Peer 1: 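Have a look at this one.
Excluded from the calculations below are hydrogen atoms, water molecules and symmetry mates; all remaining heavy atoms, backbone and side chain alike, are included. We count ligands from 1, going down the list as the structure has it; atoms in each ligand are counted the same way. Everything quoted here is computed from the prediction, not taken from an experiment.
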Amino acid sequence: MDKKLLVVANWKSNKKITDAIDWLKAFEKQINEVNLSNIQVIVCPSFTALSAVSSYVKQQNLPISIGAQDVSGFDQGAYTGEVAASMIAEFATHCIIGHSERRKNFCETDYTVVRKVEAAKRNNLKSIVCLQDENTPIPERADILAYEPIFAIGTGKPDTRDNISKVFEIIYPKAAGKLLLYGGSVDIGNIGQFASVDKLSGFLIATASLDSNNFVELLQKC
Ligand code: PGA
C-alpha cells in the first residue's frame, strides 16, 4: 500500500474522560504491532474529553491527531452552548462537520455546514465534511470529504465496494483535490477490501473504533 490512509475514529456521544484515557492506554500498549508509516490516526472524542485526550496524547507522544465531532459556525461570543473553533483549536487539529446525525437530530442544513467549515478554516482546523450521497453539496473550503450513506451508518450493512467507487467517480471531479473517505459499518471484516478503492484516502469509523483492541486490528488490516 503506497498511499497514506487517514483513519478517523468517531466516538460519537460515548466515553467519559476515564473511558477515553483507558482506550488510549490500551492503544498505547498495542501500537507497536501496527505499521503506521502509511496511516494517520485521528481520534474524535466528545468535547468534554478533548482536553484530557489531548494532554495524554502529548504527554505520551502517541501517534494520534485529535478531532472534534462538531464546531460552532460562530466565533466566540454570546452563543450559549456553542463551542467555537478557536476553543477547539486549543486541543484539536480537525473537526467533523455535517454528520447525518447532526442534520437529522439537530436540523443542520447545507448552509449551517458551510458556516461551520468557514469557522473551522478561520481557526486553522481541518474540516472533515460528511456527504450523505453524491448529491450533497460540497463546501468549497472543506479539507476532507467523508461519503457516509445513511443506510450504512451503524447498521452493519456497509455500502458495496462498487457503489463506493461509483460515488467517488462522481464526487471526485467536484472535490478539487480534497481527500475522500468512506464511512458506514466499516469493520475488521471489510476494511481490507475497501482500502483498495480507487481515490479512497481513508475511513470514518464509529462503532468499530470504540474498542481499542478492535481499532488496532482495523489498522492492521488497512
Ligand atoms: P459506523 O458509523 O462506523 O458505526 O457505521 C460511522 C459514522 O457515523 O461516522
Peer 1: With sequence neighbours excluded, tell me which residues meet side-chain contact (heavy atoms from CB on, under 4.5 Å) with Gln193.
Peer 2: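 Counting only residues at least two positions away or on another chain, Gln193 forms a side-chain contact (heavy atoms from CB on, under 4.5 Å) with Arg161, Asn190.
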Peer 1: Taking side chain to side chain donor-acceptor pair (under 3.5 Å) as the test, write out the residues that go with Thr93, two or more places apart.
Peer 2: none
Peer 1: What does the 4.0 Å heavy-atom contact list look like for ligand 1?
Peer 2: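 The 4.0 Å shell around ligand 1 contains Asn10, Lys12, His99, Glu148, Ala152, Ile153, Gly154, Gly184, Ser185, Leu204, Ile205, Ala206, Thr207.
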Peer 1: For residues 125-138, dump all side-chain donor-acceptor pairs below 3.5 Å to protein atoms at least two apart in sequence or in another chain.
Peer 2:
residue	atom	partner	partner atom	Å
Ser127	OG	Asp143	N	3.4
Gln132	OE1	Arg103	NE	3.0
Gln132	NE2	Gly98	O	3.4
Asp133	OD1	Asn135	N	2.7
Asp133	OD1	Thr136	N	3.3
Thr136	OG1	Gln132	N	3.0
Thr136	OG1	Asp133	N	3.2
Thr136	OG1	Asp133	O	3.2

Peer 1: Could you check whether Lys199 makes a cation-pi contact with Phe168, meaning its NZ or CZ is under 6.0 Å from the centre of the six-membered ring and within 45° of the ring axis?
Peer 2: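 So Lys199 doesn't make the cation-pi contact.
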Peer 1: Verify the ring-centre separation between Tyr79 and Phe74: is it less than 6.0 angstrom?
Peer 2: yes
Peer 1: For Ser65 and Gln40, test the side chains for any donor-to-acceptor distance below 3.5 angstrom and give the result as yes or no.
Peer 2: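 Yes, Gln40 and Ser65 have a side-chain donor paired with an acceptor closer than 3.5 Å.
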